[in-house]
Amino acid sequence: MKIKNILLATLLIIIICACQKTNYKGPELILANEIHLESIRIHENIETEITEKKQKAIINKDLVRVQKLDSLSAILELWEDGVVEVPGFGHEHQQGEHHEHKLAVQMTDESMLEYQKNSKQAIEELQQEIKNKF
């Protein structure tokens, strides 16, 4: 009877620990998510900026500028295709926003943080390119 109680208590502790670990968000994941959200905001700003600049270029019949903006838009779309959301964090959709929910990529917390840093750096470089050339 005593062994049965010990086994039951041990099983209960294992289950509790396992459940807590899946909900645990370490500091690396929290920071990775913050960086991810900043990157998404930059992406949205760039998207708006490209659309506005393209409309002006069309009005001014500046076809070269329209083509350059189309190229930047294509690069922006490639960046968006490579976006990996940080697992365990919810997000809201803007009205009319459509995107795929990809299967979570299996990475360590440190790898996810590094990925998000690199992703943000790439979108910031694109943002700087637009500021410098347009």
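Keep in mind the model is a prediction, meaning the values are calculated, not measured.
Trp79 is not listed as a side-chain neighbour of Leu126, based on a closest heavy-atom distance of 4.5 Å or more. Between Val66 and Ile58, some side-chain heavy-atom pair lies under the 4.5 Å cut-off. Taking 4.5 Å as the limit, every side-chain heavy atom of Glu28 sits out of range of all side-chain heavy atoms of Met112. Within the 4.5 Å cutoff, the side chain of Lys56 has no heavy atoms near those of the Arg65 side chain. When side chains are defined from C-beta on, Leu72 does not count as touching Ile46, because their heavy atoms never get closer than 4.5 Å.
Remark: Ile40 CD1 to Asn33 CG distance equals 10.0 Å, nearest 0.5 Å. In this structure, CD1 in Ile30 is found 11.5 Å from CG in Leu113, a value given to the nearest 0.5 Å. Between the CG atom of Leu29 and the CG atom of Asp109 there is a distance of 3.5 Å, given to the nearest 0.5 Å. We find the CD1-CD distance between Ile35 and Gln121 to be 11.5 Å, quoted to the nearest 0.5 Å.
A distance-only check finds no donor-acceptor pair linking the side chain of Lys54 to the backbone of Asp70 [under 3.5 Å]. No side-chain donor-acceptor contact under 3.5 Å links Glu49 to the backbone of Glu44. A donor-acceptor pair is defined here as one N or O able to donate and one able to accept, closer than 3.5 Å; no such pair exists between the side chain of Ser73 and the backbone of Leu69.
Put simply, Val86 and Tyr115 are part of the same group of oily side chains (I, L, V, M, F, W, Y) that touch within less than 4.5 Å, one to the next. At a threshold of 4.5 Å between side-chain heavy atoms, the hydrophobic network of Ile, Leu, Val, Met, Phe, Trp and Tyr places Leu78 and Val84 in two separate groups. Residues Ile50 and Val83 share a single hydrophobic cluster, defined by chaining ILVMFWY side chains whose heavy atoms lie under 4.5 Å apart.
Nearest heavy atoms, Ser39 versus Ser119: OG-C, 4.4 Å. Between Lys53 and Phe134, the shortest heavy-atom contact is NZ-O, 3.2 Å.
Residues Ser111 and Thr108 bring a donor and an acceptor atom of their side chains to less than 3.5 Å of each other.
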Apply side-chain contact (heavy atoms from CB on, under 4.5 Å) to residues His36 and Phe89 and explain how you reach the verdict. CA-CA 11 Å; His36 169 75; Phe89 292 86; over 6 Å; no
Report the C-alpha distance between Ile123 and Leu76 in whole Å, list the side-chain angles of each, state the deciding distance to 0.1 Å, and finish with yes or no for side-chain contact (heavy atoms from CB on, under 4.5 Å). CA-CA 8 Å; Ile123 197 73; Leu76 187 63; 3.5 Å; yes
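Judged as a salt bridge (Lys or Arg N to Asp or Glu O under 4.0 Å), the pairs with a partner in residues 114-134 (not counting sequence neighbours) are, in order, Glu38-Lys120, Lys120-Glu124, Glu129-Lys133.
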